[in-house]
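Letters go in sequence order (proteins before strands), and every chain restarts at 1. As the structure is a computational prediction, the values presented were derived from the model and not from experiment.
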2 protein chains.
Amino acid sequence: MTAALTVDLVVLTVRDDRLTVLVVKRGAPPFRGRWALPGGFVAEGEGLLDAAVRELREETGVHTIGGHLEQLATYGDPKRDPRGRVVTVAHLALVPDLPPPTAGTDAAEARWVEVAGLLEQSRVLAFDHHRILVDGVERARAKLEYSPLATAFCGDGFTIAELRHVYEVVWGTTLDPRNFHRKVTSTPGFLQPTGSSTTRDGGRPAQIYRRGHARLLHPAMLRPAEPGCP
Amino acid sequence: MTAALTVDLVVLTVRDDRLTVLVVKRGAPPFRGRWALPGGFVAEGEGLLDAAVRELREETGVHTIGGHLEQLATYGDPKRDPRGRVVTVAHLALVPDLPPPTAGTDAAEARWVEVAGLLEQSRVLAFDHHRILVDGVERARAKLEYSPLATAFCGDGFTIAELRHVYEVVWGTTLDPRNFHRKVTSTPGFLQPTGSSTTRDGGRPAQIYRRGHARLLHPAMLRPAEPGCP
DNA sequence: GGAATAGTGTCTCTAAGACATTATTCT
DNA sequence: AGAATAATGTCTTAGAGACACTATTCC
C-alpha cells in the first residue's frame, strides 16, 4: 500500500518554570485555524530525520543546535487524517529556551504553550496530536531518568541549579538540592567542569558545567515514586 | 510525498539456550533467496499494528497470543529499498518457544536463527534488516530491565528458574539464582502464584507462576555492568 | 554584618551482591 | 542414602533519602 508521509514534532523546552511545547496555528485545511504540532510532508529523496530538522527550521525558525532530536513513534491509523491515508513519523526535540518562534510558510502562527494545560484538554490539538504529545512528554520524562538528556534543555554552559530546575519542571516534582548535586557530580561523564562560574547579585557564584560524554546514566536517577504506586 | 508502506518484524524467542530470531528466505525480488526479517506491505485501511499481526500469522504461522508485540521504530532512508521509496515500520515481538514456523505465501522458507551470529555478520540479512535487528535486540534487552516483559518469552505458567533462564540468555550473562529469586518475588505485581508446581524427575518441584499485573518494575532490575563500562 | 545562593558532610535505610544452608522430590 | 533442584537466610556494601552546616558573593 502507498501512503502520504509526514513528520511531526514534539518540541519541548523549559520556559518560566513551565514545561512548554511548540505549537502552530494551521494555515490550511484540514483543521484550519486549529492548533497543531509543527510538521509537514517528507520531500522526495529526503530522510526522516532530515525532514524533521527541515520542518522545524522552516515552520518555526527553531534550530536544534545544542538540543536533541530523535524519532518518537509512527502513527498510521487509517482514519487519523480526513484527507486519506497519511502516516506520520513523530519526532521528539528537546531544546534550550529560545527567542519566540517565527511562524513559517504553512503556519499562521507559532508559539510556546504550557504542556500541562494541553495534556488535560484532549480536544485542543488537531489530528491525533494529543496522543503524540502524551507519548512525547512521557518519553522525555523517562529519558531524564537514564540519560543525561536534561542538558539538552540547558544552554551551552549551565549551573547545577539550572539543571536541577529542568528535572523539577519536567517531572513536576521538587528534588533535594544536596542529593541532586551529589548524584550528578558523582556520575562519571555526566558533567564536565568549565572552570568558570556565574556572576550574579547576591549569593555565591556557581560553577558552570558542560554536558559530558556519557550517553547513559549508571545507575539511573529515578524520579520520586508516584503517590500510591507501591 | 507518497511512499510505499511496509511493516517488518523482529520476532525473538528463547530456544535451546539461545536467543533466536525468526527469519524468512525471500521468495521474490529484490534480494530473492536472501534471508530477511518477516514483513510485508500494509493493506488499505489497515492499522500498523494490525498489519504486523497479520504478516506474522500469514508469513510464518506464528501467532502472538501470550507474547508481546510493540512498535519498534520506522526506517525511511530514501535508498533503503532498490524498488524506490519504501518506508517500513518495524515491530518487536517477544514470543514463547513455538513449533517450527511454516513458511507462508511470500516466503520460501521460515526458520529460527541464533541472534548472536546474525549480529556479527552484518551482510547476511537483506535491506537494512541488520540495523533493525540490532535495534530490536537492544530494545528487548533494555526492556527486561524495567518491565516484566521477560514473561512474554515464557509460556502461560512458568517457574522462576525458567524466567531466570530467559534473562540469562537475552542478556548473555549469568545471574545469581538466590538474588534473582528474591528480586522477582519481592517486586509487587511481577509474578502471580498459581499454587501448582512442576512434576519432574529428581529435584524439588518448583512453584509455577503467571505474569502479574505490573507493567513497570520499581526499582528496575539492572543487568550487570559491561566490563570496562565504569 | 546580613541576605542570598552554592557547595560539603553525616546519618539512616533500602536494596543489590556474595555466599551457605535447608527443603522436597526422584532413583 | 544420594543426587538433583528449589527455596530461604545472613552478611556486606553501594547508593538514595533526609537533614545541618560551611563557603562565597552582593548589598
Next item on the list: Could you tell me whether A:D135 and A:R131 make a salt bridge, using a distance below 4.0 angstrom between a side-chain N and a carboxylate O?
Entry: yes
Notebook entry, point to check: When rounded to the nearest 0.5 angstrom, what is the spacing between CG in B:D128 and CG in B:D8?
Noted result: 8.0 Å
Checklist line | Rounded interatomic separation in angstrom, taking CZ from A:R223 and P from D:dA16 | finding: 16 Å
Notebook entry, point to check: Can you find a donor-acceptor pair, distance only, under 3.5 Å between A:R182 side chain and C:dG9 base?
Noted result: no
Item checked: Separation of D:dT5 P from B:I208 CD1 (nearest whole Å) -> 17 Å
Next item on the list: Using atom CD of B:Q207 as one end and atom P of C:dT25 as the other, report the distance to the nearest whole Å.
Entry: 10 Å
Next item on the list: State which of C:dG7, D:dT24, D:dA7 makes the closest approach to the side chain of A:I160.
Entry: C:dG7
Margin query: If I take atom CZ in residue A:F180 and atom P in nucleotide D:dG17, what distance separates them, rounded to the nearest angstrom?
Written below: 12 Å
Note to self: Strictly below 4.0 Å: does B:H181 bring a side-chain N or O up to OP1 or OP2 of D:dA6?
What the structure shows: no
Margin query: Go nucleotide by nucleotide along DNA chain C from the 5' end; which of B:G202 and B:P219 gets its closest nucleotide reached first?
Written below: B:P219
Next item on the list: Give the rounded distance in Å between these two atoms: CG of A:L222 and P of C:dA16.
Entry: 11 Å
Next item on the list: Would you give the length of the straight line joining atom CH2 of B:W112 to atom CG of B:L22, rounded to the nearest 0.5 angstrom?
Entry: 4.5 Å
Notebook entry, point to check: In terms of side-chain geometry, is the basic nitrogen of A:E138 or A:R223 positioned less than 4.0 Å from the acidic oxygen of its partner?
Noted result: yes
Check: Please give, in whole Å, the distance from D:dG17 C1' to A:M221 CE?
Finding: 14 Å
Item checked: First of B:P177 and B:G203 reached from the 5' end of DNA chain D, by closest nucleotide -> B:G203
Note to self: Does C:dA15 have OP1 or OP2 under 4.0 Å away from a side-chain N or O of B:K183?
What the structure shows: no
Item checked: Rounded distance (Å) that lies between atom P of C:dT12 and atom CG of A:N179 -> 16 Å
Check: Closer to the 5' end of DNA chain C via nearest nucleotide, is it B:R204 or B:D176?
Finding: B:D176
Note to self: Nearest whole Å is fine: how far is D:dA6 P from B:R178 CZ?
What the structure shows: 13 Å
Margin query: Tell me whether A:E70 is salt-bridged to A:R139, with the criterion being a basic N under 4.0 Å from an acidic carboxylate O.
Written below: yes
